[in-house]
Colleague: 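I'd like to ask you about the structure that follows.
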Amino acid sequence: MLSRNNIEVLRYLGKRFLKPYWKQILIFASLNAAMGMLFSLRPIMLTPALDFFVDTATAPAASILDINLSNIGATIRAWFGIGIGDYVGIGILVAVLYTSVSALVSILNYVSYWGNQKLRALVRRDMTVAVYRHMIHLPLSFFHRFKAGQLVNRLTFDVVRTASGLDEIPREVIRATFRLAVIGFILVASNPWLALLIIFVGALHFWVTRWLTTRVKSTTRALGEQMAESQAGYQESVSAARLIKSFAAERYDVRRIYDITEQVRSADVKAAVVRYSEVPIRLVLDAALAGIILMLALIAVGHEMLTIQAALMYFYLAQQSIEPVSILGKQMLSIQQLLASAN
């Protein structure tokens with residue numbers, strides 16, 4: 001999905017604008033990784049109550065290596081010395097664990113967001129100065145080929161979108177990857193074959209991404225070009241306002257602006273149709289995958305591959321794994337938008 005040229009562009013952007021801040025990036029990447037893992041562990045905090053609800057007791061794991069979805073609830077209760085009949089103790093334990101992990105995720109999310117916003121502003125500043133420095137040292141013939149508004153658009157619209165992508169894409173990819181890794185580890189530990197089936201059906205998301213990739217990049221680039229043209233047109237009209245008034249050419253100029261904005265509207269609609277067609281496609285795909293996962297869970301219970309408690313958590317976690325896969329697919333499309341703005 002990424003050509004060698006695209007990879008070189010991303011490598012250059014990373015080396016030129018992210019490398020100077022590698023210490024901050026390492027810290028925020030660690031925070032996002034921790035948040036992704038903790039977010040995936042939140043539903044595990046509910047497992048001590050499952051035995052009580054299904055009225056079936058399971059033995060705790062003999063060691064950490066023996067923990068799986070069937071016995072993790074009993075194991076957590078055993079760590080805190082709470083029996084299956086102590087519903088008050090189970091309720092307090094689950095509430096404290098779930099709230100504590102959720103609070104920690106929220107704190108990490110806030111710190112990470114604040115840090116990423118600061119990093120985005122630094123990258124945007126550096127990128128704006130770098131683009132202007134490069135542009136102002138070009139020969140005069142370069143400026144004859146472009147309108148002033150088009151060049152200003154490169155310093156504003158394209159730079160802002162590229163800098164935002166350099167911040168947002170790595171953050172979302174790190175979170176989704178670690179969420180997926182934790183969920184995958186839990187599912188594999190419970191039943192490797194069922195986990196492999198989920199990986200297979202989840203791979204359909206990447207087929208959707210591959211299908212949309214070229215379309216997103218081409219429509220985004222076309223929209224950027226029309227935005228640059230409109231910026232140039234607006235600037236020319238405002239600069240020439242006295243001349244337009246002197247020759248009573250208001251009607252002609254309004255018509256010219258209408259034609260420019262109509263082209264922007266057309267390009268914007270085309271880009272939106274392609275970009276947001278992803279949402280209903282992934283929604284239908286997620287629903288179909290949830291149905292398949294439920295069927296796999298029921299088959300596993302019927303063949304005594306999983307207990308009822310494990311099947312409930314299996315269904316919940318497997319369904320949760322669809323979201324990070326979907327996020328990774330969306331970020332691949334965001335990379336195409338970034339490349340369209342950067343080129």
Colleague: To the nearest 0.5 Å, what is the distance between OG on S112 and CG on L119?
Modeller: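 Interatomic distance, S112 OG to L119 CG, rounded to 0.5 Å: 10.5 Å.
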Colleague: Ignoring hydrogens, what is the shortest heavy-atom contact between E8 and R11? Give both atom names and the distance.
Modeller: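 Nearest heavy atoms, E8 then R11: OE2-NH1, 3.2 Å.
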Colleague: Would you indicate whether the side-chain heavy atoms of V96 and F80 approach each other to under 4.5 Å?
Modeller: no
Colleague: Measure across G89 and D86 and return the closest heavy-atom pair with its distance rounded to 0.1 Å.
Modeller: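 In terms of heavy atoms, the two residues are closest at N-OD1, 3.0 Å.
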Colleague: Would V131 end up clustered with L138 when hydrophobic side chains under 4.5 Å apart are linked, directly or stepwise?
Modeller: yes
Colleague: Return the minimal non-hydrogen interatomic distance between A176 and P324, and the atom names on each side.
Modeller: O-CB, 3.4 Å
Colleague: Shortest non-hydrogen contact from N109 to R175?
Modeller: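 Result for this residue pair: OD1-NH2, 3.0 Å.
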Colleague: Could you state whether Y113 and F28 fall into the same hydrophobic cluster, counting links through intermediate Ile, Leu, Val, Met, Phe, Trp or Tyr residues with side-chain heavy atoms under 4.5 angstrom apart?
Modeller: no
Colleague: What I'd like to find out is whether the side chain of N116 reaches to under 4.5 Å of the side chain of N32, using heavy atoms alone.
Modeller: yes
Colleague: Would a 4.5 Å heavy-atom cut-off, applied to side chains only, mark I27 and K23 as touching?
Modeller: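 Sidechains of K23 and I27: no contact.
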Colleague: Would you indicate whether the side-chain heavy atoms of V105 and I107 approach each other to under 4.5 Å?
Modeller: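 No, their side chains stay 4.5 Å or more apart.
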Colleague: Tell me if a side-chain donor or acceptor on T261 pairs with a main-chain N or O of Y258 at a distance below 3.5 Å.
Modeller: yes
Colleague: Decide whether Y252 and I257 are clustered together by the hydrophobic rule: side chain heavy atoms of Ile, Leu, Val, Met, Phe, Trp, Tyr closer than 4.5 Å, transitively.
Modeller: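 Not linked; separate clusters.
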Colleague: For residues F17 and M127, report the shortest heavy-atom separation together with the two atoms involved.
Modeller: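 So the two residues come closest at CE2-CA, 3.5 Å.
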Colleague: To the nearest 0.5 angstrom, please state how far the NZ atom of K19 sits from the CD1 atom of I25.
Modeller: 11.5 Å
Colleague: Given R42, which partner from the list L97, L104, V101 fulfils the side chain to side chain contact (heavy atoms under 4.5 Å, CB included) test?
Modeller: V101
Colleague: Taking atom OG1 of T47 and atom CG of N71, what is their separation to the nearest 0.5 Å?
Modeller: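 Atom-to-atom, T47:OG1 and N71:CG are 9.5 Å apart.
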Colleague: Whether the side chain of S266 engages the backbone of E262 through a donor-acceptor N/O pair (distance < 3.5 Å, no angle test) should be reported.
Modeller: no
Colleague: Whether the side chain of S40 engages the backbone of G36 through a donor-acceptor N/O pair (distance < 3.5 Å, no angle test) should be reported.
Modeller: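 Confirmed, S40 side chain pairs with G36 backbone.
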Colleague: State, with a plain yes or no, whether a side-chain heavy atom of I44 is found less than 4.5 Å away from one of M313.
Modeller: yes
Colleague: For the atom pair CZ (R77) and CG (L93), what is the distance rounded to the nearest 0.5 Å?
Modeller: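 The CG atom of L93 is 9.0 Å from CZ of R77, to the nearest 0.5 Å.
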Colleague: Locate the shortest heavy-atom distance separating P60 from A74; write the atom from each residue and the value.
Modeller: CB-O, 3.8 Å
Colleague: Let me confirm one number: the CG-CD1 distance from L317 to I186, rounded to the nearest 0.5 Å.
Modeller: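 Going from the CG atom of L317 to the CD1 atom of I186 covers 5.5 Å.
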Colleague: What about F185 and L180, same hydrophobic cluster or not, with Ile/Leu/Val/Met/Phe/Trp/Tyr joined at side-chain heavy-atom distances under 4.5 Å?
Modeller: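 Hydrophobic grouping puts F185 apart from L180.
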Colleague: Applying the 4.5 Å side-chain criterion to the ILVMFWY set and letting contacts propagate, would W79 and L41 be lumped into a single cluster?
Modeller: yes
Colleague: Quick test of your reading of the model: are D253 and R256 salt-bridged, counting only N-O distances below 4.0 Å?
Modeller: yes
Colleague: What distance separates I169 CD1 from I174 CD1, expressed to the nearest 0.5 Å?
Modeller: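 Nearest 0.5 Å value for the CD1-CD1 distance: 12.0 Å.
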